[in-house]
Protein chains: 2
Amino acid sequence: MPTAPPPFDEFDHRLLALLQADAQRTLTELGDTVGLSASAVQRRIKRYRESGLMRMVGVLDIAQLANVTLATVVVALERESARQHAALHARLRAAPEVQQCYSLAGDWDYLVILATTGLAHTREVVERLFDADKNLKRYETRLVFDVVKRGLDLPTRRRSRGAKDGVHGKK
Amino acid sequence: MPTAPPPFDEFDHRLLALLQADAQRTLTELGDTVGLSASAVQRRIKRYRESGLMRMVGVLDIAQLANVTLATVVVALERESARQHAALHARLRAAPEVQQCYSLAGDWDYLVILATTGLAHTREVVERLFDADKNLKRYETRLVFDVVKRGLDLPTRRRSRGAKDGVHGKK
DNA sequence: TATGAAATTCCCTAAAC
DNA sequence: GTTTAGGGAATTTCATA
């Protein structure tokens, strides 16, 4: 049984925000920014990593990578059996071209984002992953023209009511 | 004028793949894996970072973050003027809840992925970003039930023809 | 020009407080 | 949580192919 979920304090929120934006900074820099010693920062980050909460990855600038093609695919399954979903999940997770996959509420069951080395590659992958699947009712592919924003940042705070702009009148 | 685009060699491909998967490894580990000295690896990574090709970020495990809500929004603009697009881009980039945004080919102009602290927050953000925009023709919001796969990995190779499974008969 | 090995510096890490 | 001390990794230097 996993240990109880540790609540975040203000230091955690600020550190996690900083690290999501840039994991390159030194412990001293981070500590100076949030008002903590490097050791304290180190201990916290160690906890994040060992608990599996955070991992560090390299993110490439897609603008510097010619011949990279992004595409989105929305998918609807024929039958909603758990087995069919699990099989699809495994297939998508195993495919390196599948960058992201989300199950959705509503008329479409999944949104899939593909990252390939070109249009022909995209076509290959779509046919292999989706066209060949007999349990797929329908899918629609849309090519990505441009990337306006790209990241995986998540909010760590629980819920600040009235968090809209300009509501918090402090400082 | 920027310098000429540097082509990747086999070492670069393997290093970039490793770093996209896990940027935590030491230079020695990376070097042992790809068959290079720690110095050589360090120099390459330094180049990746200084050229802006790669940055390191922390990625949080969404499963450990209760009260995080993901949603997708597809958007169609009323008029296709460059000014309208630029304005929308700026607004989306500035919004912390907008995790990703792609411009699309086809009937929808944009796909937006939102990461908020709850349903109410999602609604707030959608209304602020999309409902208030008079140049928006139409948008559709879909909530994310589950995350099947999540990453930003990009392929670095140019194009290997016949890259389908089992075609390459070497080794 | 890019490499590997050695030398140096700096940062991360784990004490002790 | 901070300060301190130590080991280890990142970075630079240098000789080399």
Side-chain angles (χ1 to χ4, degrees), chain A residues 2-61 64-67 152-153 156-158 170-171, chain B residues 1-61 64-65 152-153 155-158:
Chain A
T3 78
F8 297 137
D9 63 13
E10 195 56 30
F11 290 126
D12 289 320
H13 291 305
R14 298 190 61 189
L15 282 175
L16 291 169
L18 286 169
L19 291 166
Q20 288 187 87
D22 176 13
Q24 207 74 55
R25 277 175 281 235
T26 66
L27 298 176
T28 306
E29 287 175 313
L30 292 168
D32 289 345
T33 305
V34 304
L36 227 50
S37 72
S39 298
V41 172
Q42 192 273 335
R43 218 175 296 127
R44 282 166 187 262
I45 292 181
K46 180 192 173 84
R47 290 207 296 107
Y48 304 154
R49 298 213 269 105
E50 291 185 344
S51 68
L53 173 65
M54 188 179 70
R55 66 197 182 98
M56 310 291 202
V57 302
V59 176
L60 304 189
D61 178 13
Q64 294 191 39
L65 254 45
N67 303 45
L152 293 177
D153 298 36
T156 61
R157 296 175 197 275
R158 282 206 169 269
K170 46 173 290 195
K171 192 53 170 302
Chain B
M1 203 170 208
T3 78
F8 297 137
D9 63 13
E10 195 56 31
F11 291 126
D12 290 319
H13 290 305
R14 298 190 60 188
L15 282 175
L16 290 170
L18 286 168
L19 292 166
Q20 287 187 87
D22 176 12
Q24 207 73 51
R25 277 175 281 236
T26 67
L27 299 177
T28 306
E29 288 175 312
L30 292 168
D32 289 345
T33 305
V34 305
L36 227 50
S37 71
S39 302
V41 172
Q42 192 275 335
R43 247 187 313 246
R44 282 166 188 261
I45 293 181
K46 180 192 173 83
R47 290 206 295 108
Y48 305 153
R49 297 213 269 105
E50 291 185 344
S51 67
L53 173 65
M54 189 179 70
R55 66 197 183 97
M56 310 291 202
V57 303
V59 176
L60 303 189
D61 178 16
Q64 295 191 38
L65 254 44
L152 293 177
D153 297 37
T156 60
R157 296 176 197 276
R158 281 206 169 271

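We name chains A, B, ... by the order of the sequence lines, and we start the count at 1 in each one.
The interatomic distance linking Met56(B) (CE) with dA9(D) (C1') rounds to 14 Å, in whole Å. Rounded to an integer number of Å, the gap from CZ of Arg25(B) to P of dG8(D) is 21 Å. For the pair Arg47(B) CZ and dT3(C) C1', the computed distance is 13 Å after rounding to whole Å. Rounded to whole Å, atom C1' of dA14(C) lies 14 Å from atom CZ of Arg49(A). One can place CZ of Phe11(B) at 15 Å from C1' of dT1(C), the figure rounded to the nearest angstrom. Protein atom CD of Gln42(B) is 6 Å distant from nucleotide atom P of dT12(D), rounded to whole Å. In this structure, CZ of Arg44(A) is placed 17 Å from P of dC12(C), rounded to the nearest angstrom. Rounding to whole angstrom units, CD1 of residue Ile45(A) and P of dA14(C) are separated by 13 Å.
Listed nucleotides dG1(D), dC11(C), dT11(D) differ in distance to Leu27(B); the shortest reach to its side chain belongs to dT11(D). The nucleotide whose nearest atom lies closest to any side-chain atom of Ser39(A) is, among dG1(D), dG4(C), dT2(D), dT2(D). The side chain of Thr26(B) sits closest to dA10(D) out of dA10(D), dG4(C), dG1(D).
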Test log, rule side-chain contact (heavy atoms from CB on, under 4.5 Å), inputs Arg47(A) and Arg49(A): CA-CA 5 Å; Arg47(A) 290 207 296 107; Arg49(A) 298 213 269 105; over 6 Å; no

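The phosphate of dT13(D) (OP1 or OP2) has no side-chain N or O of Arg43(B) nearer than 4.0 angstrom. Residue Lys46(A) places no side-chain N or O under 4.0 Å from the OP1 or OP2 atom of dC12(C).
Listed here is the closest heavy atom pair of Val57(A) and Gln20(B): CB-O, 3.5 Å.
At a threshold of 4.5 Å between non-hydrogen side-chain atoms, the residues Arg44(A) and Lys46(A) do not count as touching.
Side-chain atoms of Gln64(B) come within 3.5 Å of backbone N or O of Ser51(A) as a donor-acceptor pair.
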